[in-house]
2 protein chains.
Amino acid sequence: MDELGERLRAHGMRLTAQRERVLRALGRLGHATPEQVIDGLPADGGPALPPSTVYRCLEALQESGLVTHTHLDHRAPSYQLATHDDHIHLVCRACGSVSQVPLALAGPFARSLAEATGFAADVTHMAVHGRCASCTP
Amino acid sequence: MDELGERLRAHGMRLTAQRERVLRALGRLGHATPEQVIDGLPADGGPALPPSTVYRCLEALQESGLVTHTHLDHRAPSYQLATHDDHIHLVCRACGSVSQVPLALAGPFARSLAEATGFAADVTHMAVHGRCASCTP
DNA sequence: TTGAATGCAAAAAATTTGCATATTG
DNA sequence: CAATATGCAAATTTTTTGCATTCAA
């Protein structure tokens, strides 16, 4: 259960209360931009964290592999728990909703990329924009 | 040839020298963030444009369908000519190179998304991150 | 002529940095 | 105890806004 600490220490980092809180916030939010994390943090009853700490936490967590990010938003990256990283994000351009489909759906695509060009795709990191079913005319 | 003007006017917009220059800059650059456009513009011999103009030009061009954007960068969007929009971008995490593969490669993937969830994917907008062949160990 | 677009300057957002202090291992 | 993180304030960087002026149609 203390895999968190392990993971961080393996990268010469330390487990701090703030990093745990950021992690939990991501758990609650699913995926969130740095701003959304900053705003969403106090929901756990704790005090707000300064932006610099949140930015640094996210970077540290990502570096140690506990967190990943995608680009749901057109600007800021959206972070999520690495453990939630088993699906692909579909972002609807019309209603803004973000849905998810199993990673497996992209398997053949990733394979054809590898065959065609030797590129090893991280399909997890990929956000697919378009129109969701309910927004399709 | 004056399809540019047409396109813009169809959206109640006008064809200006600045918009043409931004368009040409994108032609030269392939794909570029707003900052890169700002920096790259004077290469045509003309004067620099203020950031506000560049941002507004990009938005207008995008709205009229002449330009699209993807997320090659982890922050700012990268704009490109809509006419160059016939391929998928592969971004190498290691060396930063951006390569392109034919849209067709994503056809089956898009179809399976549509079947599975009714989501109409704009594969064009999609940037795939990972490791290119020369950076794969 | 007239509404749309530009240029400039200033404001607002978003992200990063420096450094003294607090904390983890 | 030593090294890493935090908190805070300030500096950057990026993007947006207001408005008088210019320009396309």
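Throughout, protein chains are lettered first and strands after them, A, B, ... in sequence-line order, and every chain is numbered starting at 1. The structure displayed is predicted, hence computed values, not measured ones. Computed from heavy atoms alone, side chains included, the values below leave out hydrogens, waters and symmetry copies.
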Going 5' to 3' through nucleotides 8-16 of chain D, assign each nucleotide B (protein heavy atom under 4.0 Å from a base atom), S (under 4.0 Å only from sugar-phosphate atoms) or - (no protein heavy atom that close). BB----SSB
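Around the CD atom of A/Glu59, the shell of radius 6.0 Å holds no more than 12 heavy atoms that belong to other residues, nucleotides or ligands.
The distance between atom CZ of B/Arg21 and atom C1' of D/dA24, rounded to the nearest whole Å, is 18 Å. Computed from coordinates, the A/Leu8 CG to D/dT4 P distance equals 14 Å when rounded to whole Å. Here C/dT16 presents its P atom at 11 Å from CD1 of A/Ile38, a figure rounded to the nearest Å. Counting to the nearest Å, the P atom of C/dG25 and the CZ atom of A/Arg19 are 10 Å from each other. Between the CG atom of A/Leu41 and the P atom of D/dT6 there is a distance of 12 Å, rounded to whole Å. The CZ-P distance, from B/Arg9 to C/dA5, rounds to 12 Å in whole Å. A straight line from CG of A/Leu58 to C1' of C/dT16 spans 14 Å, rounded to a whole angstrom. In this structure, A/Glu6 places its CD atom 17 Å from P of C/dT24, rounding to the nearest Å.
Taking the nucleotide of DNA chain D with the nearest heavy atom to each of B/Leu15 and A/Met13, the more 5' of the two is matched to A/Met13.
In this model, no donor atom of one side chain and acceptor atom of the other lie less than 3.5 Å apart for B/His84 and B/His31.
Between A/His71 and B/His74 the shortest side-chain heavy-atom distance falls below 4.5 Å. At a threshold of 4.5 Å between non-hydrogen side-chain atoms, the residues B/Met126 and B/Phe109 count as touching.
The phosphate of C/dT6 (OP1 or OP2) has a side-chain N or O of B/Thr16 nearer than 4.0 angstrom. When the side-chain nitrogen and oxygen atoms of B/Gln18 are compared with OP1 and OP2 of C/dG7, one or more of them lie within a distance under 4.0 Å.
A/Phe119 and B/Gly130 make their closest contact through CZ-N, 3.4 Å (heavy atoms, listed as atom of the first residue, atom of the second, distance).
The base of C/dG3 lies close enough to the side chain of B/Arg14 for a donor and an acceptor atom to sit less than 3.5 Å apart.
To the nearest 0.5 Å, atoms CG (B/Leu41) and CD (B/Gln36) are separated by 12.0 Å.
Looking at residues two or more places apart in sequence or on another chain, you find a salt bridge (charged side-chain N to carboxylate O under 4.0 Å, His left out) between A/Arg9 and A/Asp2, A/Glu6.
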